[in-house]
Chemist: 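Got a structure here, written out as structure tokens. Questions coming.
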Amino acid sequence: MALNITSLVNGRLNRIDFEYIIESSEDNAIIPPKDVSFTAPIKVKGYVDGSQGFIELTVNASIDYRGSCARCLGDVFGTFVLDFNRTVVPFGTLQNELNDDYVIVKGGVLDIDRLIVEELLLEFPSRLLCKEECAGFCSSCGANLNVEQCDCPKLK
Ligand SMILES: [Zn+2]
Ligand SMILES: [Zn+2]
């Protein structure tokens with residue numbers, strides 16, 4: 001979504017709230033990690049706040065996923081939630097435009113979809129577990145230790 005924040009920049013508004021969804025598109029593809037599928041679009045909520053003398057973007061994003069457990073290969077379903085903030089600065093005011101702590105706004109329009117998708121894919125867990133205490137497979141006989149015991153000697 002492209003947010004026009006001109007009224008924040010010139011002080012006429014203190015805060016702009018937003019809530020929308022981001023669907024995967026040609027321009028902004030949401031490509032899940034290997035062995036994961038995203039089962040719904042990204043839900044996004046947040047606001048841009050200018051009341052502190054600078055402009056800050058706050059984002060809360062979530063996405064539903066399906067994947068497989070890194071230990072037992074069982075199905076894992078869940079919702080991954082991501083919260084982050086960025087300071088918004090007008091184009092041309094920074095020495096180094098590549099600093100990731102900032103979002104550059106051009107012509108008063110803040111386009112945050114790509115930022116959110118990148119951040120989400122960066123932070124998405126590289127290993128999913130069906131449950132924290134998943135016992136996985138026995139490394140000797142391959143039994144699924146979540147559902148059965150085996151007689152293999154246990155390594156200490
Ligand atoms: Zn598991
Ligand atoms: Zn075993």
Side-chain angles (χ1 to χ4, degrees), residues 1-5 8 15-52 54-89 94 96-106 109-156:
M1 172 183 277
L3 285 167
N4 190 325
I5 62 163
L8 272 183
R15 171 173 162 142
I16 298 172
D17 288 85
F18 54 84
E19 181 166 1
Y20 68 105
I21 60 168
I22 303 175
E23 303 207 52
S24 192
S25 66
E26 224 166 275
D27 296 348
N28 194 14
I30 307 171
I31 299 165
K34 195 171 166 288
D35 299 328
V36 172
S37 49
F38 293 138
T39 53
I42 304 175
K43 296 187 190 74
V44 178
K45 265 199 292 197
Y47 56 90
V48 191
D49 186 295
S51 63
Q52 305 298 315
F54 59 97
I55 298 175
E56 189 171 47
L57 166 72
T58 298
V59 174
N60 170 268
S62 67
I63 193 160
D64 297 336
Y65 63 85
R66 187 178 63 213
S68 48
C69 175
R71 292 190 195 141
C72 74
L73 306 179
D75 285 338
V76 182
F77 297 88
T79 302
F80 176 66
V81 176
L82 176 77
D83 294 295
F84 66 93
N85 317 64
R86 287 288 188 284
T87 302
V88 178
V89 292
L94 278 187
N96 177 5
E97 302 277 346
L98 296 174
N99 189 322
D100 283 345
D101 295 333
Y102 298 98
V103 188
I104 311 297
V105 60
K106 280 185 190 175
V109 176
L110 187 58
D111 197 350
I112 54 179
D113 290 6
R114 190 67 236 162
L115 171 74
I116 293 169
V117 171
E118 280 174 3
E119 201 65 21
L120 189 110
L121 295 177
L122 196 68
E123 298 296 328
F124 195 84
S126 54
R127 257 172 120 245
L128 299 171
L129 293 178
C130 61
K131 54 188 180 208
E132 207 47 58
E133 67 283 7
C134 173
F137 297 113
C138 169
S139 55
S140 309
C141 72
N144 183 340
L145 301 176
N146 292 314
V147 294
E148 57 182 319
Q149 294 291 321
C150 63
D151 299 324
C152 301
K154 295 286 173 273
L155 297 174
K156 285 263 156 68

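Whatever order the structure lists them in is the order used to number ligands and atoms, beginning at 1.
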Chemist: Only to 10 degrees, please: what angle do the SG atom of C130 and the SG atom of C69 make about the Zn ion (ligand 1)?
Modeler: 110°
Chemist: Using atom types as modelled and distance alone, determine if a side-chain donor or acceptor of R127 lies under 3.5 Å from a backbone N or O of A70.
Modeler: no
Chemist: SG (C141) to the Zn ion (ligand 2) to SG (C152): angle, nearest 10 degrees?
Modeler: 110°
Chemist: Say you draw a straight line from CG of L57 to CZ of F18; how long is it, rounded to the nearest 0.5 Å?
Modeler: 5.0 Å
Chemist: Please report, to 10°, the angle around the Zn ion (ligand 2) from atom SG (C138) across to atom SG (C150).
Modeler: 110°
Chemist: Has N146 got a side-chain atom pairing as donor or acceptor with A135's backbone, closer than 3.5 angstrom?
Modeler: yes
Chemist: Could you grab the angle centred on the Zn ion (ligand 1), going from SG in C134 to SG in C72, to 10°?
Modeler: 110°
Chemist: Donor-acceptor pair, distance only, cut-off 3.5 Å: does the side chain of S24 make one with the backbone of I30?
Modeler: yes
